[in-house]
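Everything below concerns the one structure shown next.
Below, chains carry the letters A, B, ... as their sequence lines are ordered, and counting in each starts from 1.
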Amino acid sequence: MTTRPNFLRLSALDISTMGASQPAPDSKVVTRFAPSPTGFLHIGGARTALFNYLFARHHGGAFRLRIEDTDRARSTDAAIAAILDGMTWLGLDWDGDVVYQFARAARHAEVAHDLLARGHAYRCYATAEELTALREAQRAAKQPMRYDGRWRDRTDWPEDQPHVIRLKAPREGSVTITDLVQGPVTVANAELDDMVLLRSDGTPTYMLAVVVDDHDMGVSHVIRGDDHLNNAFRQLAMIRLLGWPEPHYAHIPLIHGTDGAKLSKRHGALGVDAYRDELGLLPEAVENYLLRLGWGHGDAEIISRAEATEWFGLEAVGRGPSRFDLKKLENINGHYMRAADDARLVALIAPRVVTALGRELTAADNDLLQRSMPELKKRSPNLNDLALGALFYLRSRPIPMDDGAAKLLASATPGVLAGAYARLAGVTDWSTATLEEQVRALADEFGLKLGQAAQPLRAAVTGSSQSPGLFDVMETLGRDETLGRIDDVITGRAG
RNA sequence: GGUCCCUUCGUCUAGCGGUCUAGGACGUCGCCCUUUCACGGCGAAAACACGGGUUCGAUUCCCGUAGGGAUCACCA
């Protein structure tokens with residue numbers, strides 16, 4: 001187990017004791033989220049973005065967004081749109097314009113040629129077949145597979161032959177990165193080979209592009225997935241050859257699936273749009289869950305954006321990978337559902353309700369929905385369930401009865417519904433208190449327990465055996481609709 | 001295979017040498033509330049991977065072992 005650098009704790013202490021009047025030391029913090037647009041914004045990327053966002057905001061710095069589209073074959077506009085959409089949905093607003101990496105290819109090439117001119121890079125004329133053969137041989141000999149530097153010191157360059165530009169990385173010594181999450185990590189230079197900077201077609205590789213862009217964008221803290229840790233050493237070698245300031249690094253552990261295997265596109269990793277559209281989750285819930293995955297602040301579980309911004313720090317980021325737990329996400333979502341504004345929820349479920357109903361919503365429908373929200377949202381873990389649960393309010397008479405309702409009606413004490421109708425029809429003050437009073441009196445009259453009278457009524461009024469409190473439902477539905485639905489069952493029009 | 005990283009309840013985590021008979025949350029189970037379903041309340045079972053050190057004292061520090069992960073492209 002590695003130890004974290006002491007300055008980490010010291011700086012954390014400084015920050016907490018400095019107070020608001022001391023922004024200067026943090027003002028240069030610049031982080032960035034740099035996804036490649038080869039697919040949707042998945043859950044792991046979203047968390048990386050969140051951590052970068054929170055770190056920047058905590059320090060009053062800037063959070064930038066850069067699209068790494070140098071792989072022309074795999075990058076798509078649809079993916080770019082999905083990433084931007086996901087970021088917006090999560091409320092991860094970035095500073096400045098989005099940087100498109102491919103547009104900066106000329107600058108990347110310029111840096112590569114500068115390195116070449118200064119003797120820190122060289123031309124390599126090895127062909128793809130040659131390199132493949134080299135790797136085959138190395139694997140057969142059980143040698144580590146890496147470029148052997150065959151063109152490193154040659155100058156007998158063939159005329160008009162395609163070649164790449166490789167970095168002339170140091171071969172002696174070692175590089176140590178004081179990672180803000182992982183602690184000090186050292187790798188011998190002998191383990192690193194000379195990476196390609198410019199491809200034979202003159203386009204920059206990712207390795208070159210990140211280094212140049214991070215530098216040009218003034219990125220002070222590179223916070224990214226653990227899978228980039230190995231890259232950091234080669235990038236640092238380039239930065240040192242370039243003589244540029246070194247950024248701080250923080251490599252956060254990856255998110256695994258429920259089974260402990262790496263989360264990949266075909267293995268549990270959904271785009272954030274799926275969490276919104278298919279699972280019906282609220283962005284603040286996804287954010288809260290993601291925040292707690294790999295980071296903690298004492299016993300805090302429900303954490304607001306403001307609290308997260310105040311508390312977030314790299315020193316509290318865990319170092320082991322964590323598993324994705326949908327159950328917990330749903331639980332947290334339930335919490336935010338209950339806390340959500342009624343009108344907002346109505347707007348969010350409207351499209352789902354329209355689809356299920358097969359018709360547009362009227363002003364009366366929206367009013368009904370609005371009034372049913374306080375009770376409905378208490379029992380819905382997500383938007384899908386909320387929409388489903390709201391349907392019965394809007395159905396036209398006679399409403400359909402589900403199996404549970406049919407069963408309740410079939411076993412109901414004969415006459416209770418008619419008795420209920422008679423009593424309720426006489427109610428002038430249509431309120432939950434009066435309604436309950438009447439139904440209790442009804443139960444007494446028939447010598448039944450309250451439930452034996454209430455359940456058949458619930459079935460008649462909601463078409464289901466499960467619903468919000470019966471008297472709340474009746475009040476929200478109103479006198480005419482309630483009485484009508486009960487009458488439908490009594491007369492056999494429904495059920 | 002080489003290199004690098006990781007390891008506290010099933011899961012996410014708190015813990016930064018004694019406060020640990022290891023805390024919280026999700027999930028699970030039980031009870032209460034109750035007109036159903038939820039919500040809510042109370043309670044229970046449930047973990048320091050293993051082996052050596054260091055120390056008066058290790059969950060906490062060091063070294064091994066085991067297990068897991070990442071990475072080894074003219075992809076990012």
Compare every heavy atom of [Y] with every heavy atom of [X], then report the nearest pair and how far apart it is.
X: A/E375; Y: A/P468; value: CB-CB, 3.8 Å
X: A/V416; Y: A/L442; value: O-CD2, 3.9 Å
X: A/W430; Y: A/E475; value: NE1-CA, 3.7 Å
X: A/L408; Y: A/S465; value: CD1-CB, 3.7 Å

Rounded to whole angstroms, how far apart are [atom1] on [X] and [atom2] on [N]?
X: A/L41; N: B/A76; atom1: CG; atom2: C1'; result: 15 Å
X: A/E301; N: B/U11; atom1: CD; atom2: C1'; result: 12 Å
X: A/F233; N: B/C4; atom1: CZ; atom2: P; result: 9 Å
X: A/R146; N: B/C74; atom1: CZ; atom2: P; result: 14 Å
X: A/N189; N: B/C4; atom1: CG; atom2: C1'; result: 14 Å
X: A/N288; N: B/C26; atom1: CG; atom2: P; result: 12 Å
X: A/D193; N: B/C74; atom1: CG; atom2: C1'; result: 12 Å
X: A/K328; N: B/G27; atom1: NZ; atom2: P; result: 9 Å

Under 3.5 Å side-chain donor-acceptor pair for A/S467 and A/R458: yes

I'd like the [atom1] distance from [M] over to [N], given in whole Å.
N: B/G30; M: B/C48; atom1: C1'; result: 28 Å
N: B/U8; M: B/C62; atom1: P; result: 16 Å
N: B/C56; M: B/A70; atom1: P; result: 42 Å
N: B/A45; M: B/C5; atom1: C1'; result: 34 Å
N: B/U59; M: B/A47; atom1: C1'; result: 10 Å
N: B/G15; M: B/C9; atom1: C1'; result: 14 Å
N: B/U60; M: B/G53; atom1: C1'; result: 15 Å
N: B/U54; M: B/A76; atom1: C1'; result: 45 Å

Write down the partner of [N] under the Watson-Crick or G-U wobble criteria, each distance required to be under 3.5 Å.
N: B/U71; answer: B/G2
N: B/U19; answer: none
N: B/U65; answer: B/A49
N: B/U28; answer: B/A44

Does [X] put a side-chain nitrogen or oxygen below 4.0 Å from OP1 or OP2 of [N]?
X: A/T70; N: B/A76; result: yes
X: A/R166; N: B/C74; result: yes
X: A/S322; N: B/U13; result: yes
X: A/R135; N: B/A73; result: yes

Crowding at CG, A/D77 (>12 non-hydrogen neighbours, <6.0 Å): no

Close N/O contacts between protein and nucleotides 69-71 of chain B (under 3.5 Å):
residue, atom, partner, partner atom, Å
B/U71, O4', A/N230, ND2, 3.3

5′-ward residue of the pair A/E191/A/H297 relative to RNA chain B: A/E191

Residue met sooner reading RNA chain B from 5', once A/D69 and A/G294 are mapped to nucleotides: A/G294

Hey, what do you get for [atom1] ([X]) to [atom2] ([Y]), rounding to the nearest 0.5 Å?
X: A/H42; Y: A/I255; atom1: NE2; atom2: CD1; value: 8.5 Å
X: A/D325; Y: A/E330; atom1: CG; atom2: CD; value: 10.0 Å
X: A/E307; Y: A/H297; atom1: CD; atom2: NE2; value: 8.5 Å

Under 4.0 Å protein heavy-atom contacts per nucleotide of nucleotides 39-47 of chain B, with B for base, S for backbone only and - for none: SS-------

Heavy atoms only, 4.0 Å cut-off, all strands: where does [X] land among base, sugar-phosphate and nothing?
X: A/M207; answer: base
X: A/T462; answer: nothing
X: A/P253; answer: nothing
X: A/A126; answer: base

Side chain of [X] only, heavy atoms from C-beta on: which candidate in [options] is closest?
X: A/V196; options: B/C74, B/A76, B/C6; answer: B/C74
X: A/Y206; options: B/U36, B/C12, B/A76; answer: B/A76
X: A/V185; options: B/G24, B/C5, B/A73; answer: B/C5
X: A/R323; options: B/U35, B/C74, B/U11; answer: B/U11
X: A/R319; options: B/U35, B/C6, B/A76; answer: B/C6

Side chain to side chain contact (heavy atoms under 4.5 Å, CB included) between A/V222 and A/R32, worked out: CA-CA 7 Å; A/V222 174; A/R32 108 268 126 132; 3.9 Å; yes

CA sep, side-chain torsions, deciding dist, call: A/E301, A/K328, side chain to side chain contact (heavy atoms under 4.5 Å, CB included): CA-CA 11 Å; A/E301 294 289 345; A/K328 184 152 186 175; 3.5 Å; yes

Partner set under side-chain hydrogen bond (donor to acceptor under 3.5 Å, both in side chains) for A/E437, not counting sequence neighbours: none

Lys/Arg cation over aromatic A/Y100: A/R104, 6.0 Å, 45° cone: no

Check: B/C74 base within 3.5 Å donor-acceptor of A/S200 side chain: yes

